[in-house]
Enquirer: 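Here it is, the structure, as structure tokens.
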Amino acid sequence: MTYHFLCNKLVKEYENSKSIDNTIKKYIENNYEILNEIYFKPKKIDNDKIEDIVTCNKYIEMILNTITNLKDINLNNMFEKIVRELGNLLEYKIIDREIYVIIGLNTTTIYTTKYQDKDITVILLESTLGIEENIKMLLAHEYTHWVREKEIKGDIFESCVGERLITEGIACSFSEEIVPEKPIDYYCIVPNETVKWVEDNIYLLDNMLKNHLEKKDMIYDLFYMFAKTTIPNMPVRTGYVYGYLKVKEYMKNNNLKIKDIVKIDWRMII
């Protein structure tokens, strides 16, 4: 693993200036070129939106809390320790990835994008508030994606609904294995109302999806944040919860852990 801690530049600037407003502006100005390539452009964030967010008191408070929680913490050591633990638990360590840890605009959590013709992982540190268990939860989620990307032939995100459901279900379930005793919405990164809707409508979803699992057409409805969903009143991102519930059911019925299923064909689970 190779780590790039862009966030450290903001922390260092704040230590020098003690002005959080100027610190955030300088961080974005001084690192705009790379932030634009790995964050603003991929996430379609225009300059007007940047200005609105960085002057918002709620956002400024979040960045201050993140900085406070990171006091006296060596992020490189933390990330190395977490990733080593994840590899040991999954019994899968042959991962070579570049990870960019940035301070973003709290618009997402962790994602994969292209930079300089390579796949990289970007984690927005403010989404974790700099708290170790939140970082562990996100890295656990992503680590299972890295494994499946290496082991499963085809696009694990866009090849078909069945693959995407189980890919995300495995990821959310491994987050639970790593950071236990949290509510389901924490692992699936959705509101609790979304979890309840899926639990209450699980049979409706079963019937709706049974003829679509090998297709791509429902991926938009089930996983995209701003989807206009087909079923009336269906929340967005329900696929994360549905996949999680199916994976948990399969593991319980077969007395398995994520390490046992992280590489298997989705058809064995759903």
Side-chain angles (χ1 to χ4, degrees), residues 1-17 19-70 75-76 78-79 97-131 134-135 137-139 141-143 145-146 149 155-158 164 168 171 189-191 219-220 223-228 236-237 240:
M1 293 287 190
T2 303
Y3 302 100
H4 305 271
F5 292 100
L6 228 63
C7 56
N8 286 343
K9 295 183 179 181
L10 183 144
V11 174
K12 187 173 182 180
E13 177 65 35
Y14 180 67
E15 288 173 352
N16 292 334
S17 72
S19 168
I20 190 62
D21 301 62
N22 290 336
T23 292
I24 293 168
K25 289 175 183 175
K26 274 193 173 183
Y27 163 75
I28 291 175
E29 287 172 6
N30 294 342
N31 301 282
Y32 183 82
E33 186 175 344
I34 186 169
L35 287 172
N36 194 42
E37 289 299 315
I38 69 174
Y39 177 44
F40 298 140
K41 282 204 298 191
K43 295 303 175 181
K44 297 180 172 55
I45 300 170
D46 59 33
N47 289 333
D48 290 341
K49 187 172 184 180
I50 295 171
E51 181 64 25
D52 289 343
I53 293 174
V54 299
T55 55
C56 171
N57 288 334
K58 189 174 179 180
Y59 173 78
I60 290 170
E61 182 181 356
M62 178 186 302
I63 300 304
L64 278 172
N65 287 337
T66 302
I67 291 171
T68 300
N69 290 333
L70 291 173
L75 278 175
N76 189 78
M78 180 195 287
F79 271 69
R97 200 79 178 190
E98 291 204 39
I99 300 177
Y100 285 77
V101 187
I102 70 172
I103 296 293
L105 305 180
N106 198 36
T107 57
T108 185
T109 55
I110 191 168
Y111 60 94
T112 295
T113 190
K114 287 277 188 187
Y115 180 56
Q116 297 179 340
D117 297 323
K118 290 185 292 188
D119 286 329
I120 65 163
T121 295
V122 181
I123 180 169
L124 275 63
L125 197 59
E126 76 281 359
S127 73
T128 71
L129 288 177
I131 297 171
N134 294 340
I135 295 170
M137 186 275 285
L138 290 180
L139 286 174
H141 185 112
E142 210 67 15
Y143 203 105
H145 288 347
W146 299 334
E149 280 176 330
D155 187 333
I156 63 172
F157 300 113
E158 299 292 335
R164 182 67 181 271
E168 300 296 0
I189 316 177
V190 298
I219 291 175
Y220 171 79
F223 293 100
Y224 280 73
M225 178 66 78
F226 302 106
K228 294 179 180 177
V236 296
R237 292 167 62 85
Y240 291 92

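FYI, the numbering just counts along the sequence from 1. Both backbone and side-chain heavy atoms feed into the values below; hydrogens, waters and symmetry mates do not.
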Enquirer: What I'd like to find out is whether the side chain of Tyr27 reaches to under 4.5 Å of the side chain of Leu35, using heavy atoms alone.
Expert: yes
Enquirer: Atom CG of Leu129 and atom CD1 of Ile67: how far apart are they, to the nearest 0.5 Å?
Expert: 11.5 Å
Enquirer: Could you tell me whether Glu37 and Lys41 have a side-chain N and a carboxylate O separated by less than 4.0 Å?
Expert: yes
Enquirer: How far apart are the C-alpha atoms of Phe5 and Phe79, what are their side-chain angles, what is the distance that settles it, and do they pass the ring pair (Phe, Tyr, Trp, His ring centres under 6.0 Å) test?
Expert: CA-CA 10 Å; Phe5 292 100; Phe79 271 69; 5.4 Å; yes
Enquirer: Can a side-chain donor-acceptor contact be found between Thr113 and Tyr39 if the only test is distance below 3.5 angstrom?
Expert: no
Enquirer: Let me confirm one number: the OG1-CG distance from Thr55 to Asp21, rounded to the nearest 0.5 Å.
Expert: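 If I round to the nearest 0.5 Å, the distance is 9.0 Å.
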Enquirer: Measure across Pro42 and Asn36 and return the closest heavy-atom pair with its distance rounded to 0.1 Å.
Expert: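 Looking at all heavy atoms of both residues, the closest pair is CD-O, 3.7 Å.
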Enquirer: Flag the pair Ile110 / Val122 as yes when at least one side-chain heavy-atom distance between them is below 4.5 Å, and no otherwise.
Expert: no
Enquirer: Can you confirm whether Ile120 sits close enough to Ile99 that some side-chain heavy atom of one is under 4.5 Å from a side-chain heavy atom of the other?
Expert: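 A side-chain contact is absent here, since even the closest heavy-atom pair is not under 4.5 Å.
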Enquirer: Going by heavy atoms in the side chains, are Ile53 and Asn106 under 4.5 Å from each other?
Expert: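 No - every pair of side-chain heavy atoms lies 4.5 Å or more apart.
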Enquirer: Do we see a donor-acceptor contact under 3.5 Å between the side chains of Asn47 and Tyr32?
Expert: yes
Enquirer: Starting at CD1 of Ile102, measure out to CD of Glu126 and round the result to the nearest 0.5 Å.
Expert: 7.0 Å
Enquirer: Would you compute the distance between atom NE2 of His141 and atom CD of Glu168 and round it to the nearest 0.5 angstrom?
Expert: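 Rounded to the nearest 0.5 Å, the NE2-CD separation comes out at 4.5 Å.
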Enquirer: Show your reasoning for whether side-chain contact (heavy atoms from CB on, under 4.5 Å) applies to Val101 and Leu6.
Expert: CA-CA 6 Å; Val101 187; Leu6 228 63; over 6 Å; no
Enquirer: Hey, what do you get for OG1 (Thr109) to CG (Leu124), rounding to the nearest 0.5 Å?
Expert: 7.5 Å
Enquirer: Do Arg164 side-chain atoms and Phe157 backbone N/O form a donor-acceptor pair below 3.5 Å?
Expert: yes
Enquirer: Which heavy-atom pair separates Ser127 from Thr108 by the least distance, and what is that distance?
Expert: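 Of all heavy-atom pairs spanning Ser127 and Thr108, the closest is CB-O, 3.7 Å.
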Enquirer: Any ion pair linking Glu149 and Arg97 (charged N to carboxylate O, less than 4.0 Å)?
Expert: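 Salt bridge: yes.
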Enquirer: What distance separates Ile103 CD1 from Thr23 OG1, expressed to the nearest 0.5 Å?
Expert: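 With rounding to 0.5 Å, CD1 (Ile103) is 11.5 Å from OG1 (Thr23).
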Enquirer: For Tyr14 and Ile20: C-alpha separation, side-chain torsions, deciding distance, then whether side-chain contact (heavy atoms from CB on, under 4.5 Å) applies.
Expert: CA-CA 6 Å; Tyr14 180 67; Ile20 190 62; 4.0 Å; yes
Enquirer: Against the six-membered ring of Phe223, is Arg237 placed for a cation-pi contact (under 6.0 Å from the centre, within 45° of the normal)?
Expert: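 So Arg237 doesn't make the cation-pi contact.
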Enquirer: In terms of the angle between their ring planes, are Tyr143 and Trp146 parallel, tilted or perpendicular, with boundaries placed at 30° and 60°?
Expert: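 Rings of Tyr143 and Trp146: tilted, as their planes differ by 30° to 60°.
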Enquirer: Would you check if Leu70 and Leu125 make a side-chain contact, meaning some heavy-atom pair closer than 4.5 Å?
Expert: yes
Enquirer: Mind listing the closest non-hydrogen atom pair of Lys228 and Tyr220 along with its distance?
Expert: N-OH, 3.2 Å
Enquirer: What is the ring orientation for Tyr100 with His4, classed by angle as parallel under 30°, tilted 30 to 60°, or perpendicular over 60°?
Expert: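 Taking His4 first and then Tyr100, their aromatic rings lie parallel (interplane angle under 30°).
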Enquirer: Please assess Lys43 against Tyr111 for the test side-chain contact (heavy atoms from CB on, under 4.5 Å), listing each intermediate value before the final yes or no.
Expert: CA-CA 10 Å; Lys43 295 303 175 181; Tyr111 60 94; 3.6 Å; yes
Enquirer: Could you tell me if the side chain of Asp46 sits less than 4.5 Å from the side chain of Phe40, heavy atoms only?
Expert: no
Enquirer: Checking side-chain contact (heavy atoms from CB on, under 4.5 Å) for the pair Met78/Ile135: CA distance, chi angles, key distance, verdict?
Expert: CA-CA 9 Å; Met78 180 195 287; Ile135 295 170; 3.6 Å; yes
